[in-house]
Student: 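Here you go, one structure.
For ligands, and for the atoms within them, numbers begin at 1 and follow the listed sequence. Residue numbers start at 1 and run along the sequence shown. These numbers come from the heavy atoms of this one structure, side chains and all, not from hydrogens, waters or symmetry mates.
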Amino acid sequence: MTDASAIRGARPDTGARSYGILIVDDEPAILESLELTLGSDYRVHTAESGEAGLAILEREKIALIISDQVLPSMSGVEFLEKAIEAAPHAIRMMLTGYADIGSMSRAINEGRIYRFITKPWEPEEVRLNVRRALEAFELATENTQLTAALADANERLRAENLFLRREVERRYGFDKIIATSRAMDRVFDVMEKVSETDATVLIVGETGTGKDLVARAIHYSGRRKDARFVAQNCAALPDTLLESELFGHMRGAFTGAHADKKGLFEVADRGTIFLDEVAEMHPGMQVRLLRVLQDGEIRPLGSSETRTADVRVIAATNRDLRKDVEEGRFREDLYYRLRVVEIDLPPLRERKTDIPLLAHHFLDIANGKMGRKIQGFTNAAIDRLVAHEWSGNVRELENEIERTVALAGNESAISVDMLSEHIRGATPAMNVSPEAFAGDIALSEAVDALKRNMILSALAETGSKTRAAERLGIPRQSLQKMMKRLALNDS
Ligand SMILES: Nc1ncnc2c1ncn2[C@@H]1O[C@H](COP(=O)(O)OP(=O)(O)OP(=O)(O)O)[C@@H](O)[C@H]1O
Ligand SMILES: [Mg+2]
């Protein structure tokens with residue numbers, strides 16, 4: 001529908017003059033008199049036979065057809081039936097010399113004739129009937145136009161939806177995982193193989209190595225991609241809540257359960273559930289999860305009935321799960337159920353060839369986000385990035401690039417001095433050699449400098465004071481005190 005008025009939902013042009021009326025009668029006197037009655041308000045076309053009338057319908061836009069009942073070669077009913085094909089939306093009226101409604105009832109009943117006009121007629125009555133008929137035509141036309149506009153809009157929405165879905169698939173598909181290293185080639189190989197199966201997958205890797213990304217890529221590239229991908233962090237909730245989150249609960253199952261609630265296993269039906277930090281699951285939950293994996297049945301809290309769910313399970317952990325099994329923290333039977341296929345994501349320091357590629361990838365993203373146009377890195381800067389240990393893995397690299405771009409001025413490339421201090425130096429902390437302090441610097445100052453340096457790098461790498469303190473081997477409170485004394489603020 002190209003007519004803009006249809007899209008805006010406005011009424012079509014109601015200028016009476018624009019409507020075409022076709023009158024078919026074999027008596028010229030009747031044609032003349034009707035033309036006189038209607039000619040000043042409408043475009044009137046006349047024909048003396050059904051054939052001539054059909055020819056006009058081919059050429060002209062006709063809104064209303066008035067036909068005599070008795071015509072020379074084909075009857076008026078026959079003509080109007082044919083006219084339906086040529087002008088399906090035109091309103092049809094029949095002229096009849098005697099009030100022989102009986103003979104026309106078939107046509108009227110089938111809705112083919114809007115009304116009939118008996119001869120002789122009152123001009124005023126004909127005008128009124130024509131005006132009403134055209135109003136009906138107008139509404140019908142408007143209706144079709146709106147329907148077409150709606151269909152159009154629907155089509156656009158559908159296309160948009162499809163586009164968005166592709167976008168999501170692209171966002172989480174394999175091609176969002178940037179890598180070139182041999183180690184990651186092996187990961188891709190396994191991912192490709194498992195994505196078309198329903199096998200349970202255990203993804204193992206240090207924090208920030210891309211476990212989340214890999215889980216989504218497996219879902220969005222397999223046959224379950226049209227159903228949902230739901231993720232649950234198993235460390236985030238106490239036992240009962242986690243159980244209710246995963247398996248659902250019935251109203252009143254526990255204090256605070258005010259209504260029935262569907263669990264994620266049901267929400268993800270025919271899709272994928274991602275159990276993140278699965279090692280943190282308490283023993284009781286481990287048993288319940290094992291049962292679900294064994295017989296595919298879930299039982300909401302407080303319910304006596306079980307339900308089945310067709311869900312693919314992907315689990316992830318940054319712990320050494322085998323060690324947890326050996327030390328009795330994780331059930332061995334569950335461990336084997338989960339690691340039908342295991343994907344080991346190597347830490348970034350073991351795939352350093354990925355670093356330049358990832359750095360450029362994150363630079364593009366940061367440029368886009370912050371409206372910058374930084375072209376790349378100096379060789380020395382790339383060398384520093386490659387040399388760094390990245391204990392926070394890809395996430396730490398991502399944060400570093402984002403930070404650098406945010407703090408950059410109008411440089412065209414990222415150079416070493418724009419990088420964070422702990423990345424700029426050689427192996428962090430250890431670069432504070434005695435020679436670096438040659439000259440008359442007090443021992444306490446040198447020690448402070450060393451402390452400052454170590455604290456900053458521990459903070460940058462772990463991202464939290466608790467973990468930084470752990471890494472430095474001191475209590476958190478001591479770290480806080482030390483930071484205060486060294487004038488290191490929290491940010
Ligand atoms: N190969 C990669 N290519 C592009 N981006 C990556 C890659 N690996 C990780 N990332 C990005 O790094 C960040 C961390 O990745 P992700 O959240 O998947 O790690 P994780 O292993 O789940 O970490 P955690 O154990 O802390 O949950 C995300 O922003 C992710 O998009
Ligand atoms: Mg994660």
Side-chain angles (χ1 to χ4, degrees), residues 167-192 195 201-221 229-237 264 272-281 313-321 324 338 342-370 385-386 388-406 459-464 466-468 470-471:
E167 188 68 2
V168 168
E169 280 165 22
R170 207 171 52 75
R171 182 159 333 141
Y172 294 120
F174 285 17
D175 54 350
K176 270 291 155 173
I177 303 177
I178 307 296
T180 172
S181 58
R182 285 269 187 77
M184 286 301 286
D185 272 353
R186 277 196 297 277
V187 169
F188 282 129
D189 270 353
V190 181
M191 285 173 66
E192 221 162 295
S195 64
V201 180
L202 177 66
I203 307 173
V204 183
E206 289 180 11
T207 180
T209 45
K211 297 183 292 294
D212 227 272
L213 209 57
V214 166
R216 285 169 203 274
I218 291 174
H219 171 80
Y220 285 106
S221 56
F229 174 94
V230 296
Q232 175 62 47
N233 184 326
C234 302
L237 295 175
L264 291 179
T272 304
I273 190 163
F274 177 47
L275 301 174
D276 204 0
E277 301 205 35
V278 74
E280 310 303 322
M281 229 179 227
V313 176
I314 302 180
T317 181
N318 53 22
R319 294 181 57 97
D320 183 348
L321 211 50
D324 283 348
L338 289 177
E342 183 170 318
I343 295 181
D344 281 297
L345 284 178
L348 192 53
R349 62 185 168 280
E350 285 173 20
R351 44 176 163 124
K352 287 185 180 286
T353 48
D354 287 343
I355 294 175
L357 207 63
L358 282 164
H360 281 96
H361 170 68
F362 293 132
L363 176 63
D364 287 345
I365 294 177
N367 269 336
K369 247 201 274 191
M370 299 177 220
L385 293 176
V386 171
H388 187 66
E389 284 295 286
W390 303 112
S391 53
N393 293 295
V394 185
R395 183 182 292 112
E396 188 191 353
L397 175 61
E398 182 177 17
N399 292 342
E400 173 64 19
I401 304 297
E402 196 170 311
R403 187 201 77 101
T404 309
V405 172
L459 282 172
E461 286 172 29
T462 59
S464 92
T466 311
R467 271 175 294 176
E470 223 167 80
R471 160 156 321 180

Student: Measure from the side-chain N and O atoms of D276 to the backbone N and O of Q232, and report whether any donor-acceptor pair falls under 3.5 Å.
Tutor: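 Not confirmed, D276 side chain does not pair with Q232 backbone.
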
Student: Using a 4.0 Å cut-off to any heavy atom of L358, which atoms of ligand 1 qualify?
Tutor: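 Matching atoms, with element in brackets: 2 (C), 3 (N), 4 (C).
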
Student: Near E398, which atoms of ligand 1 are under 4.0 Å from a heavy atom of that residue?
Tutor: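 Numbered from 1, ligand 1 contributes 11 (C), 12 (O), 13 (C), 28 (C), 29 (O).
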
Student: Given 3.5 Å as the limit, does a donor-acceptor pair link the side chain of W390 with the main chain of P347, or not?
Tutor: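 Pair absent, no side-chain N/O of W390 close to backbone of P347.
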
Student: What is the nearest protein non-hydrogen atom to atom 23 (O) of ligand 1, stated with its residue, atom name and distance?
Tutor: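 Checked against all protein heavy atoms, atom 23 (O) of ligand 1 sits closest to G208 N, 2.9 Å.
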
Student: Any atoms of ligand 1 less than 4.0 Å from a non-hydrogen atom of K176? List them with their elements.
Tutor: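 Close to K176: 3 (N), 4 (C).
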
Student: Starting from atom 6 (C) of ligand 1, locate the nearest protein heavy atom and write down its residue, its atom name and how far away it is, to 0.1 Å.
Tutor: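 In this structure, atom 6 (C) of ligand 1 has L213 CD2, 3.3 Å as its nearest protein heavy atom.
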
Student: Tell me, please: is G205 in heavy-atom contact with ligand 1, that is, under 4.0 Å?
Tutor: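 Judged by the 4.0 Å heavy-atom criterion, G205 does not count as contacting ligand 1.
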
Student: Number the atoms of ligand 1 from 1 as they appear, then name those within less than 4.0 Å of a heavy atom of I178, with their elements.
Tutor: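 Selected atoms, number and element: 1 (N), 2 (C), 3 (N), 4 (C).
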
Student: Keeping the roles fixed (side chain from E396, backbone from S391), state whether a donor-acceptor pair exists under 3.5 Å.
Tutor: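 Such a contact is found between E396 side chain and S391 backbone.
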
Student: Are any of the N or O atoms of D212 closer than 3.5 Å to those of ligand 1?
Tutor: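 Looking only at distances, the answer is yes, because the N/O contact criterion of under 3.5 Å is met.
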
Student: Going by the atom numbers of ligand 1, which of them fall below 4.0 Å from some non-hydrogen atom of I177?
Tutor: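 Selected atoms, number and element: 1 (N), 3 (N).
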
Student: Note the single closest protein heavy atom to atom 27 (O) of ligand 1, along with its residue, its atom name and the distance in Å.
Tutor: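 Residue, atom and distance for the closest contact: R395 NH2, 3.8 Å.
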
Student: Tell me the nearest of V394, N399, T207 to atom 9 (C) of ligand 1, using heavy-atom distances.
Tutor: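 Heavy atom nearest to atom 9 (C) of ligand 1 belongs to V394.
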
Student: Using a strict 4.0 Å cut-off to heavy atoms of F362, name the atoms of ligand 1 that fall inside it.
Tutor: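 Ligand 1 atoms under the 4.0 Å threshold to F362: 5 (N).
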
Student: Just so I know, are the side chains of F362 and V405 near enough to count as touching, which here means a heavy-atom distance under 4.5 Å?
Tutor: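 No - every pair of side-chain heavy atoms lies 4.5 Å or more apart.
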
Student: Give the residue and atom name of whichever protein heavy atom lies nearest to atom 19 (O) of ligand 1, and the separation in Å to one decimal.
Tutor: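 Here the nearest protein heavy atom works out to G210 N, 3.2 Å.
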
Student: At what distance is the nearest protein heavy atom to atom 25 (O) of ligand 1, and which residue and atom is it?
Tutor: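 Checked against all protein heavy atoms, atom 25 (O) of ligand 1 sits closest to K211 NZ, 2.6 Å.
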
Student: Quick one: does R351's side chain have a donor or acceptor within less than 3.5 Å of a partner on M184's backbone?
Tutor: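 Not at all, since once roles are kept as given, no pair shorter than 3.5 Å links the two residues.
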
Student: Say whether, by atom type as modelled, one donor and one acceptor occur between the side chain of K352 and the main chain of E389 under 3.5 angstrom.
Tutor: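 Not at all, since once roles are kept as given, no pair shorter than 3.5 Å links the two residues.
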
Student: Can you confirm whether the side chains of N318 and T207 place a donor and an acceptor under 3.5 Å from each other?
Tutor: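 Side-chain D/A pair, N318 to T207: absent.
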
Student: Do side-chain atoms of K211 reach the backbone of G205 as a donor and acceptor pair under 3.5 angstrom?
Tutor: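 The answer is yes, because a donor-acceptor pair under 3.5 Å joins these two groups.
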
Student: Are the side chain of H219 and the backbone N or O of A215 linked by a donor-acceptor pair below 3.5 Å?
Tutor: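 Side chain of H219 to backbone of A215, a donor-acceptor pair under 3.5 Å: no, none is there.
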
Student: Would you say M184 contacts ligand 1, with heavy atoms under 4.0 Å as the rule?
Tutor: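 The answer is no, since M184 has no heavy atom less than 4.0 Å from ligand 1.
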
Student: Heavy atoms only: give me the nearest A316-L202 pair and the separation to one decimal.
Tutor: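 In terms of heavy atoms, the two residues are closest at N-CD1, 4.3 Å.
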
